[in-house]
2 protein chains.
Amino acid sequence: MFFTTKAEYGVRLLIELGRQGHDQPVSLKAVADGENLPLAYLERIVALLKRADLVESTRGAHGGYRLARPAQSIAMDEVVLALEGSLAPMECFVDDRNDDGRVLCSHHDDSGRGCATKLLWTRVQVGVLKTLADTTLAELIDFQTRKLPRAGDPAAPGPRTPAPA
Amino acid sequence: MFFTTKAEYGVRLLIELGRQGHDQPVSLKAVADGENLPLAYLERIVALLKRADLVESTRGAHGGYRLARPAQSIAMDEVVLALEGSLAPMECFVDDRNDDGRVLCSHHDDSGRGCATKLLWTRVQVGVLKTLADTTLAELIDFQTRKLPRAGDPAAPGPRTPAPA
DNA sequence: GCTATCCCGACCTCGCTGGTAGGATTAGCG
DNA sequence: CGCTAATCCTACCAGCGAGGTCGGGATAGC
């Protein structure tokens with residue numbers, strides 16, 4: 001299991017924000033109802049996105065959230081990093097403070113020499129980061145709206161519709 | 001955290017087996033001592049590798065394990081899959097039986113339509129699988145022996161050595 | 001038969017995930 | 001000026017899987 005539900009819920013939240021325009025904020029309750037997610041949990045998730053400056057909020061009645069930048073310029077590596085905290089494939093990748101004597105991997109005690117597994121995990125990590133960085137939020141929004149024509153829109157029967165903006 | 005210590009320990013075990021020849025089996029105790037890993041835990045890990053036909057065992061005194069195939073033909077996707085069980089980036093990827101009403105993701109209830117996150121996770125999964133499949137055990141063994149000249153071998157000072165073998 | 005080794009299942013502890021509870025603050029609106 | 005809808009914040013909790021231990025059984029060399 002690579003990612004937790006934080007990433008799943010957070011990405012779906014961003015997609016919902018992106019589907020609405022930037023003109024008016026969207027309340028978390030609306031997203032929670034629409035996506036069938038627990039509201040209280042969503043609150044904690046959106047806080048992560050706000051701290052990463054991916055969304056901005058408006059408090060008070062009729063407040064809510066909206067994207068802080070256009071969806072085209074939001075890459076998923078930034079999103080997942082904000083939601084999951086890190087993308088280390090192995091525990092020893094998180095940081096260097098392995099003060100206690102536990103020998104989870106030889107990356108430290110070997111002092112860099114001959115750690116073959118680190119080569120492998122690094123390759124995987126770089127690949128994942130690249131995959132995420134190559135996917136923008138706009139791409140996901142487009143993928144979704146292309147298939148879900150906004151709940152009650154008898155036109156556009158097939159996936160061949162040219163997306164008339 | 002993508003992978004658990006099972007993958008880490010299992011890969012290091014395979015590397016140790018590969019560094020020894022195929023002529024005589026290597027006991028788990030030797031590996032556990034050399035890599036400083038808990039023996040009892042290693043036993044359970046090697047069982048996974050054996051079930052996947054990646055190693056073969058010899059029981060009794062002076063028994064042990066050895067690679068079931070040459071290291072060149074062992075790709076890491078097979079190894080990691082055997083050790084971790086699956087490589088699903090998200091819980092709903094594990095299998096399709098989501099009988100209970102939990103709404104972890106919309107992949108199911110949406111019946112395939114409009115699930116943008118699935119697009120993202122699929123991309124990541126495919127990328128990881130490809131990265132792992134492109135790395136063979138022989139490559140890791142080579143990387144390791146090139147830097148650790150078998151504990152007391154003043155030749156081969158730099159990484160430029162042409163790996164005689 | 002002794003010992004080294006593989007084999008197997010039960011058990012345990014701990015941290016994290018996923019979520020809830022309850023409130024404080026802020027702002028539109030009549 | 002309240003009321004209400006919303007963001008914000010902190011503490012709490014249950015379940016589960018990771019990581020490991022333990023004890024014992026089977027098997028083969030000497």
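Every chain is numbered from 1 and lettered A, B, ... according to where its sequence line falls, protein lines coming before strand lines.
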* **salt_bridge(B/Glu8, B/Arg12) N-O dist < 4.0 Å** => yes
* Using whole Å, report how far CG of A/Leu37 lies from C1' of C/dG19. => 12 Å
* To do: Take the protein atom CD1 of B/Ile45 and the nucleotide atom P of D/dG19, then report the distance between them rounded to whole Å.
  => 9 Å
* Is any side-chain nitrogen or oxygen of B/Thr5 closer than 4.0 Å to OP1 or OP2 of D/dG19? -> yes
* Expressed in angstrom and rounded to an integer, what is the separation of B/Gln24 atom CD from C/dT5 atom P? -> 12 Å
* **Protein-nucleotide distance (A/Leu39, atom CG; C/dT20, atom P), rounded to Å** => 10 Å
* Go through the N and O atoms of the side chain of B/Arg44 and the base of D/dT21, and report whether any donor-acceptor pair is under 3.5 Å. => yes
* Asked: Salt bridge check: are B/Asp134 and B/Lys130 linked by an N-O gap of less than 4.0 Å?
  -> no
* **Short side-chain to backbone donor-acceptor contact, B/His22 and B/Pro70, under 3.5 Å** => no
* Send over the distance from A/Arg51 CZ to D/dT10 C1', rounded to a whole Å. => 13 Å
* Rounded to the nearest Å, what distance is computed from the CZ atom of residue B/Phe2 to the P atom of nucleotide D/dA18? -> 16 Å
* **Under 4.0 angstrom between A/Tyr9 side-chain N/O and C/dG19 OP1 or OP2** => yes
* Could you give the CG-to-C1' distance, from A/Leu17 to D/dT7, as a whole number of Å? -> 14 Å
* First encountered from the 5' end of DNA chain C, between B/Ala47 and B/Lys29 -> B/Lys29
* Asked: OP1, OP2 of C/dC7 versus side-chain N and O of B/Lys50: anything below 4.0 Å?
  -> yes
* Any residue of residues 53-65 of chain A with a heavy atom less than 4.0 Å from an atom of DNA chain C -> A/Arg59, A/Gly60, A/Ala61, A/His62
* Asked: Are A/Leu54 and A/Glu78 close enough that some pair of their side-chain heavy atoms sits under 4.5 Å apart?
  -> yes
* **Ionic contact status for A/Glu43 with A/Lys50, cut-off 4.0 Å** => no
* **Nearest to side-chain heavy atoms of B/Thr4, which nucleotide of C/dC7, D/dG20, D/dG19** => D/dG19
* Does B/Glu43 make a side-chain donor-acceptor contact with the base of C/dC7, cut-off 3.5 Å? -> yes
* Backbone of B/Ala116 reached by a side-chain donor or acceptor of A/Gln144 within 3.5 Å -> yes
* Salt bridge flag under 4.0 Å for residues A/Arg69 and A/Glu56 -> no
* To do: May I have the distance from A/Tyr41 (atom OH) to D/dA14 (atom P), rounded to whole angstrom?
  => 18 Å
